[in-house]
Structures are given as C-alpha cells and as structure tokens.
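Take a look at the structure set out below.
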Amino acid sequence: MAMPNLVKDAAYTAYESSLRKEVMNGAIPKHIAIIMDGNRRYAEEVLGEPTIKGHTMGRDKLKEVLEWCTDLGISHLTLFAFSTENFKRDPEEVEYIMELMEKSFYEYADSEEVHKRRAGIRVIGDRSLFSPELLKAVEYAEEKTKDYNEVTVYMAVGYGGRQDIAQAVRCIVKKVQKGEITVDDIDEDMISSAISTSDIPDPDLVLRTSGEIRISNFLLWQMAYSELYFTDVYWPGFRYIDFLRAIRTYQQRKRRYGA
Ligand code: IPE
Ligand code: MG
C-alpha cells in the first residue's frame, strides 16, 4: 500500500531539517560549481513530456538553488548552463535554450528577490557566439546587478575550460609584448588572475547531476583542488536533500583528508 502523501511529506521535511542542521554544524563551502545535466532525460523518462520542456524545468530549479545558497550562506555559485559543444545540438533546441536564457536574464535582473538579496550575476564564456539579443540580455543583467556581491552567480554560457585557459594565455602574452611583464614573471597566480573567475575563490565543490562521471571541459584550471561529487538525480529533479547530501559528503571528506 502506498504511503499517504501527508506522512511522506512529514517524513521528508523531518529528514531535510535534520540534514540541514548537520550540515550547518560543518564547514560551509564558499563556492559551489554545478554541471546541471539531465534536463531532457527528466522530461522524457520521468514526466513523459517533450525533451525540450526539461530545459524550462531546469531553469526553474535555479531559483530554488539560489534560495538554498542563501539559507546556508554559500556566497558563490558557478553554473554550467551551456557549453561551446552544446551549440552543435539541433538548431531548434539551441534556439529554444537561447530564448529561454534571454528571457531568464531579464527576469533575474528585474526580480525583487535578487535586489533584496544583492545577488549579482556575471556571465563567463565566449560572447562572440551569442546572438545580439542574448548579448543585450546578458549585459542588462550584469549592469543591473554589478554592485552586488553578497551572492555571486557566474553563468557559464558558450563556455569551455580550455578556451578559458587559452584566453588567459592570450591576455598574458599581450602584456609580455607590451613590455609590462617578462616571461619569467608568469606563474600560477598570474594565470589565476587572468582566468574568467579571477575575482572569486576557486570552487570548493564541483557537483554534477544525472549520473555522468565527467568534467566535460568545465572549470579546468579552477577545479585543481576541488572536491568532486556526482549524483544520479536528473537536474530538474534535484532537491534540497540532494544538495545537502553533497555538502555533507564534502564536509566528511574535508574531515578525513583536510590539513
Ligand atoms: C543539461 O541537460 C542542459 C544543457 C546541457 C543545456 P541536457 O540537455 O544535457 O539533458 P540530457 O543530459 O540529455 O538528459
Ligand atoms: Mg546532458
């Protein structure tokens, strides 16, 4: 016999709050990076809906994640929204995602919640790949939230970790050419300063949903020392307890291997 929903909900809430309490007693990561994967499979396998709908549900999940970060005091969030490789998908799907992102950047920038929380948004990735409409939306959201750093959300769009390193190298070489620095000045710190997320700490925890155990060219330079966490849950189905479990695992590993 199926458990009545009321009982299930109560048990779920009790578990969630005990997990939250446990997590709040440990070290909270400053920066979490997420590879949000499994949108299409969630729509198709879980809901029997057209795959494209999964992207809208995945977008909606972000609002929840922001609330969880505020609740726990996590100040930096980097999200892999769209990779350079994703441009190779069916043009109809690419267009759908682009329009969804465009709309979402405007909604974000105009949301009361965002201003109340002082949650800034910045975009990392190759902007030459953006349509003029998407670029306008991105610049609008960045401009509207440029003074906010209580929480910083980095959206990786048209992003690739290797491209990020390549653009850092170009930037450093130009300084050498101008005579501002010499080749011997180039060290790890200089590369970190030229990378797209230079103004925030490297991710403490990198999390990927949907059961894929890959990094897929995400923040390659930045995740040198990050803890990695993989979960089978599809992104639109990701719950607060899944997020809390990821952080608890991070805390347990820190306790075992930390300095
Ligand atoms: C992640 O979900 C969203 C993007 C990469 C844009 P997918 O679209 O990769 O969904 P699956 O992994 O095929 O289920
Ligand atoms: Mg995928």
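Along the sequence shown, residues are numbered consecutively beginning with 1.
Residues I34 and R208 fail the side-chain proximity criterion, which asks for heavy atoms closer than 4.5 Å. Looking at heavy atoms from C-beta onward, I172 lies out of side-chain contact with V169 at the 4.5 angstrom threshold. Side chains of M190 and I181 form a contact here, defined as non-hydrogen atoms less than 4.5 Å apart. Looking at heavy atoms from C-beta onward, L79 lies out of side-chain contact with Y159 at the 4.5 angstrom threshold. In this structure the side chain of I121 never reaches within 4.5 angstrom of the side chain of V138, judged on heavy atoms. Considering only heavy atoms from C-beta on, I215 comes within 4.5 Å of L228 through its side chain.
For E64 and K61, the salt-bridge test passes: some basic side-chain N is under 4.0 Å from an acidic carboxylate O. Ion pairing of E113 with K116 is present here, as a side-chain N (NZ or NE/NH1/NH2) and a carboxylate O approach within less than 4.0 Å. A salt bridge is defined here as a Lys NZ or Arg NE, NH1 or NH2 lying under 4.0 Å from an Asp or Glu carboxylate O, and E16 with R239 fails to meet this definition. Salt-bridge formation is detected for the pair E49/K53: a Lys NZ or Arg NE/NH1/NH2 atom is positioned less than 4.0 Å from an Asp or Glu carboxylate oxygen. A salt bridge does not link K30 with D204: every distance from a Lys NZ or Arg NE/NH1/NH2 to an Asp or Glu carboxylate oxygen is 4.0 Å or more. Ion pair E22/R248 flagged as a salt bridge, since at least one NZ, NE, NH1 or NH2 atom sits closer than 4.0 Å to an Asp/Glu carboxylate oxygen.
Without hydrogens or angle criteria, T145 side chain to Y148 main chain gives no donor-acceptor distance under 3.5 Å. Of the possible polar contacts, none joining the S198 side chain to the A194 backbone as a donor-acceptor pair under 3.5 Å is found. Checked by atom type and distance alone, the side chain of S226 never pairs as donor or acceptor with a backbone atom of L205 at under 3.5 Å. Using a distance-only test at 3.5 Å, with no hydrogens or angles considered, no donor-acceptor pair links the side chain of W235 to the main chain of G38.
At most 12 heavy atoms of other shown residues, nucleotides or ligands fall within 6.0 angstrom of atom CZ in R162. Heavy atoms from other residues, nucleotides or ligands lying under 6.0 Å from CD of E180 number more than 12. Summarising the local packing, NZ of K136 is surrounded by 12 or fewer heavy atoms from other residues, nucleotides or ligands at distances under 6.0 Å. Other residues, nucleotides and ligands contribute over 12 non-hydrogen atoms within 6.0 Å of the CD atom of E85.
For T197, the side chain to side chain donor-acceptor pair (under 3.5 Å) partners at least two apart in sequence or on another chain are Q222. Partners of R214 under the side chain to side chain donor-acceptor pair (under 3.5 Å) rule, at least two apart in sequence or in another chain, are E212. A search for side chain to side chain donor-acceptor pair (under 3.5 Å) contacts involving E139 returns nothing, not counting sequence neighbours.
Summarising the geometry, atom CE belonging to M223 is positioned 10.0 Å from atom CG belonging to D202; distances are rounded to the nearest 0.5 Å. Note that the CG atom of N149 and the OG1 atom of T152 stand 6.0 Å from one another [nearest 0.5 Å]. Distance check: E227 CD to T249 OG1 gives 9.5 Å after rounding to the nearest 0.5 Å. Distance check: I35 CD1 to S210 OG gives 9.5 Å after rounding to the nearest 0.5 Å. If you take CD1 on I191 and CG on D187, they are separated by 7.5 Å, rounding to the nearest 0.5 Å. Expressed to the nearest 0.5 Å, how far CG of L72 lies from CZ of F243 amounts to 6.5 Å.
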Can you give the donor-acceptor pairs under 3.5 Å from side chains of residues 125-132 to other protein atoms, not counting sequence neighbours?
unit_1, atom_1, unit_2, atom_2, d
D126, OD1, S128, N, 3.0
D126, OD1, S128, OG, 2.6
D126, OD2, S128, OG, 3.4
R127, NH1, E142, OE1, 3.1
R127, NH2, V123, O, 2.9
R127, NH2, E142, OE1, 3.3
R127, NH2, E142, OE2, 2.7
S131, OG, E133, OE1, 3.4
S131, OG, L134, N, 3.1

Acceptor/donor pairs from residues 97-108 side chains to any protein atom, 3.5 angstrom cut, sequence neighbours excluded:
unit_1, atom_1, unit_2, atom_2, d
S104, OG, R59, NH1, 2.9
S104, OG, L100, O, 2.6
Y108, OH, A119, O, 2.8

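A donor-acceptor contact under 3.5 angstrom links the side chains of D164 and S196, judged on distance only. If you check the side chains of Y96 and D90, you find no donor sitting under 3.5 Å from an acceptor. Donor-acceptor pairing under 3.5 Å is lacking for the side chains of H31 and S75. Residues S83 and N86 have side chains that bring a donor and an acceptor to within less than 3.5 angstrom of each other.
Taking hydrophobic clusters as Ile, Leu, Val, Met, Phe, Trp and Tyr residues chained together by side-chain heavy-atom distances below 4.5 Å, Y225 does not share a cluster with I28. Hydrophobic cluster membership differs between I195 and V153, with clusters built from Ile, Leu, Val, Met, Phe, Trp and Tyr side chains linked at under 4.5 angstrom. Linking Ile, Leu, Val, Met, Phe, Trp and Tyr whenever their side-chain heavy atoms come within less than 4.5 Å puts I213 and V206 in one cluster. At a threshold of 4.5 Å between side-chain heavy atoms, the hydrophobic network of Ile, Leu, Val, Met, Phe, Trp and Tyr places I247 and F238 in one connected group. When the side chains of ILVMFWY residues are joined at heavy-atom separations under 4.5 Å, either directly or via intervening members, I241 and L62 end up in a single hydrophobic cluster.
Closest heavy-atom contact between F87 and G158: CE1-CA, 3.8 Å. Considering every non-hydrogen atom in both N217 and F80, the closest pair reads O-CZ, 4.2 Å. The nearest pair of heavy atoms linking R122 to K146 is NH2-O, 3.9 Å. Between L219 and I124, the shortest heavy-atom contact is CD2-CD1, 4.2 Å. Across all their heavy atoms, G211 and D232 have their closest contact at CA-OD1, 3.4 Å. L77 approaches C69 most closely through the heavy-atom pair CD1-SG, 3.8 Å.
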### Message
Run Y154 and D199 through side-chain hydrogen bond (donor to acceptor under 3.5 Å, both in side chains) and show every step you take.
### Response
CA-CA 11 Å; Y154 272 87; D199 54 342; 2.4 Å; yes
### Task
Tell me, with the steps shown, if R118 and V151 meet side chain to side chain contact (heavy atoms under 4.5 Å, CB included).
CA-CA 7 Å; R118 303 185 65 77; V151 182; over 6 Å; no
### Task
Under the side chain to side chain contact (heavy atoms under 4.5 Å, CB included) rule, what do F82 and M155 come out as? Steps first, then yes or no, please.
CA-CA 9 Å; F82 202 82; M155 288 297 275; over 6 Å; no
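In this structure, Y234 shares a hydrophobic cluster with Y42, V46, L47, M57, the cluster being traced through Ile, Leu, Val, Met, Phe, Trp and Tyr side chains under 4.5 angstrom apart.
By the 30° and 60° cut-offs, the orientation of the rings of Y240 relative to W68 is parallel.
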